[in-house]
Amino acid sequence: MQAEQEERFQEFVRARWSRLVRTAYLLTGDVHHAEDLTQTALAKAYRSWRRISRSDNPEAYVRRMLVSCNSDRFRKRRVVEALTAAPPERAGRDEGAGRVEERSSLLDGLAQLPPRQRAVVVLRYWEDLSEAEVAETLGCSPGTVKSQASKGLAKLRAHPGLATGRTASGSRAQEQGQEVGR
């Protein structure tokens, strides 16, 4: 790779590393797997950087690589992961504990979704991509994105940790005017 291309790639990584790791974390549910997944996707992107950098949206291209690498991880190992929602010991309850519990429940709910549904939910609602952008990223039709999002959201709504936080008028976070999960 030429020095100029190398520098552009390094700038891209510096600018987007944290966002890519965050997306990978939502896909994997584990910070270490997320970092490994991001490294793997960026290693593949590095090999093809000349072509990727000429595309209209290199970040979308790398994000698609991230989702593909995550799918490959499950295909190769066929490992079922059991993630814990919280450490075994808890300190005294404070004001932020409710948000931590909601976030933990959301991450646990995401971990229960099949990889394709999780990818759709993360890209559509966390990354705030349009249905068309998610479809392009995942290489499927917008109809598939809609159905996978619907099924994924239904499973999240039925998740015990997320359902318990609801009241008659909606979620606690909505009543308090907060955004859940960010």
Side-chain angles (χ1 to χ4, degrees), residues 1-77 79 81 83 85 96 99-100 102-142 144-146 148-149 152-153 156 173 177-182:
M1 186 182 287
Q2 294 177 351
E4 182 180 323
Q5 288 290 326
E6 176 92 23
E7 181 60 33
R8 285 185 190 154
F9 180 76
Q10 288 176 5
E11 287 175 22
F12 174 84
V13 171
R14 280 191 295 273
R16 291 174 180 84
W17 171 258
S18 61
R19 185 172 181 158
L20 291 170
V21 171
R22 184 186 71 207
T23 300
Y25 176 72
L26 293 169
L27 293 171
T28 64
D30 180 87
V31 70
H32 302 293
H33 288 311
E35 290 173 347
D36 290 345
L37 184 63
T38 305
Q39 287 280 349
T40 301
L42 288 172
K44 289 181 179 185
Y46 179 81
R47 289 186 293 235
S48 305
W49 185 247
R50 181 171 296 189
R51 180 175 41 86
I52 293 170
S53 66
R54 288 190 302 245
S55 71
D56 292 337
N57 190 349
E59 184 175 0
Y61 197 98
V62 174
R63 191 181 309 116
R64 182 175 184 168
M65 293 174 89
L66 195 67
V67 172
S68 296
C69 289
N70 187 51
S71 296
D72 291 346
R73 182 173 74 98
F74 282 101
R75 256 187 242 121
K76 291 177 183 175
R77 295 189 187 144
V79 175
E81 296 181 15
L83 303 176
R99 289 216 53 205
V100 170
E102 286 177 359
R103 184 183 189 97
S104 178
S105 294
L106 179 60
L107 292 174
D108 185 45
L110 282 172
Q112 302 299 316
L113 296 178
R116 183 77 158 194
Q117 285 179 9
R118 184 188 308 179
V120 168
V121 169
V122 166
L123 294 174
R124 181 75 177 101
Y125 300 105
W126 196 284
E127 290 293 324
D128 201 28
L129 298 180
S130 69
E131 289 168 350
E133 290 171 321
V134 174
E136 183 180 332
T137 298
L138 297 178
C140 63
S141 71
T144 300
V145 171
K146 290 177 186 179
Q148 292 294 300
L153 290 175
L156 287 175
Q178 298 171 343
E179 192 173 88
V180 177
R182 290 207 187 187

A.B. asks: Nearest heavy-atom pair of Cys140 and Val145: which atoms, and what distance?
C.D. replies: SG-CG2, 3.8 Å
A.B. asks: Looking at every non-hydrogen atom in both residues, tell me the closest pair between Asn70 and Leu37 and how far apart they are.
C.D. replies: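 In this case the closest contact between Asn70 and Leu37 is N-CD1, 3.3 Å.
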A.B. asks: Name all residues meeting the salt bridge (Lys or Arg N to Asp or Glu O under 4.0 Å) criterion together with Arg116; count only those two or more places apart in sequence or in a different chain, and write none if there are none.
C.D. replies: none
A.B. asks: Suppose we screen for side chain to side chain donor-acceptor pair (under 3.5 Å). Which residues come up paired with Arg124, at least two apart in sequence or across chains?
C.D. replies: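 Residues passing side chain to side chain donor-acceptor pair (under 3.5 Å) with Arg124: none at all.
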A.B. asks: Less than 4.5 Å apart, any side-chain heavy atom of Glu127 and any of Glu133?
C.D. replies: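 The answer is no; the side chains never approach within 4.5 Å.
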A.B. asks: Under 3.5 Å, sequence neighbours excluded: what are the donor-acceptor pairs made by side chains of residues 60-67?
C.D. replies:
from	atom 1	to	atom 2	distance (Å)
Tyr61	OH	Arg51	NH1	2.4
Arg64	NE	Thr137	O	3.0
Arg64	NH1	Glu136	O	3.0

A.B. asks: Just verifying a value: how many Å separate Leu110 CG and Leu26 CG, rounded to the nearest 0.5 Å?
C.D. replies: 6.5 Å
A.B. asks: Test of understanding: with side chain to side chain donor-acceptor pair (under 3.5 Å), list the residues that count as partners of Glu11, not counting sequence neighbours.
C.D. replies: none
A.B. asks: Can you list everything that forms a ring pair (Phe, Tyr, Trp, His ring centres under 6.0 Å) with Phe12? Sequence neighbours excluded, please.
C.D. replies: Trp49
A.B. asks: Does Gln5 reach the main-chain N or O of Gln2 with its side chain, forming a donor-acceptor pair under 3.5 Å?
C.D. replies: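 Looks like no, no N/O pair under 3.5 Å.
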A.B. asks: Backbone N or O of Arg50 within a donor-acceptor pair of the Ser53 side chain at under 3.5 Å?
C.D. replies: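 Yes, Ser53 side chain to Arg50 backbone: donor-acceptor pair under 3.5 Å.
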A.B. asks: If every non-hydrogen atom of Leu113 is compared with every non-hydrogen atom of Arg118, which pair is closest and at what distance?
C.D. replies: O-NH2, 3.8 Å
A.B. asks: Would you tell me whether Glu35 and Tyr25 have side-chain atoms, one donor and one acceptor, within less than 3.5 Å of each other?
C.D. replies: no
A.B. asks: If you compare all heavy atoms of Thr38 against all heavy atoms of Trp17, which two are closest, and at what distance to 0.1 Å?
C.D. replies: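 Heavy atoms of Thr38 and Trp17 come nearest at CG2-CZ3, 3.4 Å.
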A.B. asks: Could you work out, with side chain to side chain donor-acceptor pair (under 3.5 Å) as the rule, every residue matching Arg14, not counting sequence neighbours?
C.D. replies: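 With neighbours one apart ignored, the set is Glu7.
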A.B. asks: Between Ala149 and Tyr125, which heavy-atom pair has the shortest distance, and what is it?
C.D. replies: CB-OH, 3.9 Å
A.B. asks: Minimum heavy-atom separation for Thr28 to Asp30, with atom names?
C.D. replies: OG1-O, 3.1 Å
A.B. asks: Do the non-hydrogen side-chain atoms of Leu42 and Leu20 ever get within less than 4.5 Å of each other?
C.D. replies: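 Yes, close enough: below the 4.5 Å cut-off.
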A.B. asks: Please round to the nearest 0.5 Å and tell me the distance separating atom CD1 of Ile52 and atom CG of Asn57.
C.D. replies: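 Separation between the atoms: 11.5 Å.
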